[in-house]
Amino acid sequence: MVFVGLILGCDGGDVKHEGGAEIPILVVDNELMVGEVNHSLPPEWLKDSWKKVEVKESGGKVKDVFVDGVNITQFGNAHHIYDAKVSPSGKYLFVWHMDYTPRKLSIYDLDLGVLKKMIEPGAGGSMKWAAGDLIFHKFGAGTNTAFWSVFNVEGEVLWAGATSGAELDESGLYVVIYPTLAADDGYVMIADVRDGRVLAKTRPVEIDLVQQYAWLNGETVRVWYRTIENEVKSVDMVLDFENAEAWEVYRREGY
C-alpha cells in the first residue's frame, strides 16, 4: 500500500475557511500566523545530499560505488548492488548489496574514505536515510506485514517493530505506523525515528485500513482511513512531545 504524506503549504496569499471568509496569513520565524492563532509549519522534507553517486564497473566486470568520481567500495569480487545513497549530511554512504547470501549493509565514512561498519540485517527489503544520519530498514513477510529497524551509522539497532503497515515520513523525523486490515488490532501511531517514542496514537473503532495522511502543521497530522463499512473518515492526531510513550508495548513477540 502506498502511504502518502501530503504537505499543506502557503503561497503568501489569502486562505479560505468554512463560510468563505478570507483571513490574511503571514509567515514569521517559521510560524504560520492565521488571524490570532499561531500554527507551526509542517516539517520540511528531508533533502538528499548533493553528492553524485554512481554504480559502475571499475575493472574485471566488478561493479563498485563511486561518490563524486571516487571509488568508495573497491570490491574485490562481483556484488549485486541493490541501493547506494549518501546521507543527508554528506558524511556517510550506505551500500545495500550482496555477493553471497545474506544481504549486507555497508556504511562508509566519506571524510576518511573507509568502511565504517558492515552488518547483515538478516532480511531483504529497502533501506532509507532518516534524519540525523539514521537508517530505516523495512521489509515484509507476506501480505499485510511490515517489519522495520532503525540503525545508526555504527550499525547498532536503536529500535525495531512489526505491524501490518509502517512508513518513514518524508521529513525523516518520524515513523508512521498503521493497520492495513481490520484484523490488525494495532493503533495508528506517530513515532520518533530516533528511539521509537510514541508521540501520538489513535484507534478508531470502525477502522479497516489507513489510506493517507497529511501534516496540518508541525504538531498535527490528519489521517484518512476506510471503515469496515467502506466509508472514508478522518481523524486528527496531535503530537505530544512531553508525554511520549516508550516503545515497548507495541513490539510483537518473536521479532
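Given the structure is predicted, the values throughout are model-derived calculations rather than measurements. Quick note: numbers below take in every heavy atom, side chains included, and nothing from hydrogens, waters or symmetry partners.
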| message | Please determine whether side-chain contact (heavy atoms from CB on, under 4.5 Å) holds for the pair Tyr225 and Leu209, giving the CA-CA distance in whole Å, both sets of side-chain angles, and the decisive distance to 0.1 Å. | response | CA-CA 6 Å; Tyr225 62 91; Leu209 58 86; over 6 Å; no
| Worked check of side-chain contact (heavy atoms from CB on, under 4.5 Å) between Trp247 and Val198 | CA-CA 7 Å; Trp247 181 265; Val198 179; 3.8 Å; yes
| said: Checking Tyr187 against Ile177 for the side-chain contact (heavy atoms from CB on, under 4.5 Å) test, could you report, in this order, the C-alpha distance in whole Å, the side-chain angles of both residues, the deciding distance, and whether it holds? | reply: CA-CA 8 Å; Tyr187 287 87; Ile177 303 156; over 6 Å; no
| request: Show your reasoning for whether side-chain contact (heavy atoms from CB on, under 4.5 Å) applies to Arg194 and Leu134. | output: CA-CA 8 Å; Arg194 297 171 296 180; Leu134 301 179; 4.1 Å; yes
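With rounding to the nearest 0.5 angstrom, the CZ atom of Phe151 is 6.5 Å from the CG atom of Leu105. In this structure, OG on Ser126 lies 7.0 Å from NE2 on His137, to the nearest 0.5 angstrom. Between the OH atom of Tyr82 and the NE2 atom of His80 there is a distance of 4.5 Å, given to the nearest 0.5 Å. Interatomic distance, CG of Asp109 versus OH of Tyr92, reported as 5.5 Å (0.5 Å rounding). With rounding to the nearest 0.5 Å, the separation of CG in Leu239 from CZ in Arg197 is 10.0 Å. Here the straight-line distance linking atom NZ of Lys233 with atom CG of Asp208 works out to 12.5 Å at 0.5 Å rounding.
Side-chain contact between Lys128 and Lys85 is absent, with no heavy atoms from C-beta onward closer than 4.5 Å. Side-chain contact between Asp111 and Lys91 is present, with at least one heavy-atom pair separated by less than 4.5 Å. Phe241 is listed as a side-chain neighbour of Leu199, based on a closest heavy-atom distance under 4.5 Å. Contact annotation: the side chain of Pro88 approaches that of Asp133 to within less than 4.5 Å [non-hydrogen atoms, C-beta and beyond]. Here the side chains of Val223 and Met237 are in contact, with some heavy-atom distance below 4.5 Å. Residues Arg226 and Gln211 have side chains in contact (heavy-atom distance under 4.5 Å, counting atoms from C-beta outward). Using a 4.5 Å heavy-atom threshold, the side chains of Tyr174 and Val193 count as separate. By the 4.5 Å heavy-atom criterion applied to side chains, Val188 and Ile207 are counted as neighbours.
Partners of Asp99 by side-chain contact (heavy atoms from CB on, under 4.5 Å), not counting sequence neighbours, listed by chain and number: Asn77, His79, Lys104.
Within a 6.0 Å radius of NZ in Lys116, more than 12 heavy atoms belonging to other residues, nucleotides or ligands are found.
The shortest heavy-atom contact between Ala130 and Gly172 is CB-O, 3.5 Å. Scanning all heavy atoms of the two residues, the minimum distance from Thr180 to Ser164 falls at N-OG, 2.8 Å. Listed here is the closest heavy atom pair of Asn217 and Ser40: CB-O, 2.9 Å. The two residues Gly90 and Ser49 make their nearest non-hydrogen contact at CA-OG, 4.0 Å. For Ala166 against Lys138, the heavy-atom pair with the smallest separation is O-NZ, 2.8 Å. In terms of heavy atoms, Pro121 sits closest to Met127 at CG-CE, 3.9 Å.
Paired with Leu216 under the rule side chain to side chain contact (heavy atoms under 4.5 Å, CB included), one option of Asp236, Val238, Val221 passes, and it is Asp236.
Under the 4.5 Å side-chain heavy-atom criterion for Ile, Leu, Val, Met, Phe, Trp and Tyr, Tyr178 and Tyr213 are members of the same hydrophobic cluster. By the criterion of side-chain heavy atoms lying less than 4.5 angstrom apart, applied directly or through intervening Ile, Leu, Val, Met, Phe, Trp or Tyr residues, Ile81 is not grouped with Ile119; the two fall into different hydrophobic clusters. Using a 4.5 Å cut-off between side-chain heavy atoms of Ile, Leu, Val, Met, Phe, Trp and Tyr, with links allowed through other members, Phe94 and Val53 fall into different hydrophobic clusters. Residues Val95 and Val55 fall within the same hydrophobic cluster, defined by Ile, Leu, Val, Met, Phe, Trp and Tyr side chains chained together at heavy-atom separations under 4.5 Å. A single hydrophobic cluster is seen to contain both Leu173 and Trp215, as judged by linkage of ILVMFWY side chains at heavy-atom distances under 4.5 Å, directly or through other members.
Using bins of under 30°, 30° to 60° and over 60° for the plane-to-plane angle, the ring pair Trp159/Trp148 lands in the perpendicular bin.
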Side chains of residues 62-73: which donor-acceptor pairs under 3.5 Å do they make with residues two or more places apart or in other chains?
from: Asp64; atom 1: OD1; to: Thr73; atom 2: OG1; distance (Å): 2.6
from: Asp64; atom 1: OD1; to: Gln74; atom 2: N; distance (Å): 2.9
from: Asp64; atom 1: OD1; to: Phe75; atom 2: N; distance (Å): 2.6
from: Asp64; atom 1: OD2; to: Ser58; atom 2: OG; distance (Å): 2.4
from: Asp64; atom 1: OD2; to: Asn71; atom 2: ND2; distance (Å): 3.4
from: Asp68; atom 1: OD1; to: Lys52; atom 2: N; distance (Å): 2.9
from: Asn71; atom 1: OD1; to: Thr73; atom 2: N; distance (Å): 3.3
from: Asn71; atom 1: OD1; to: Gln74; atom 2: N; distance (Å): 2.9
from: Thr73; atom 1: OG1; to: Val65; atom 2: N; distance (Å): 2.9

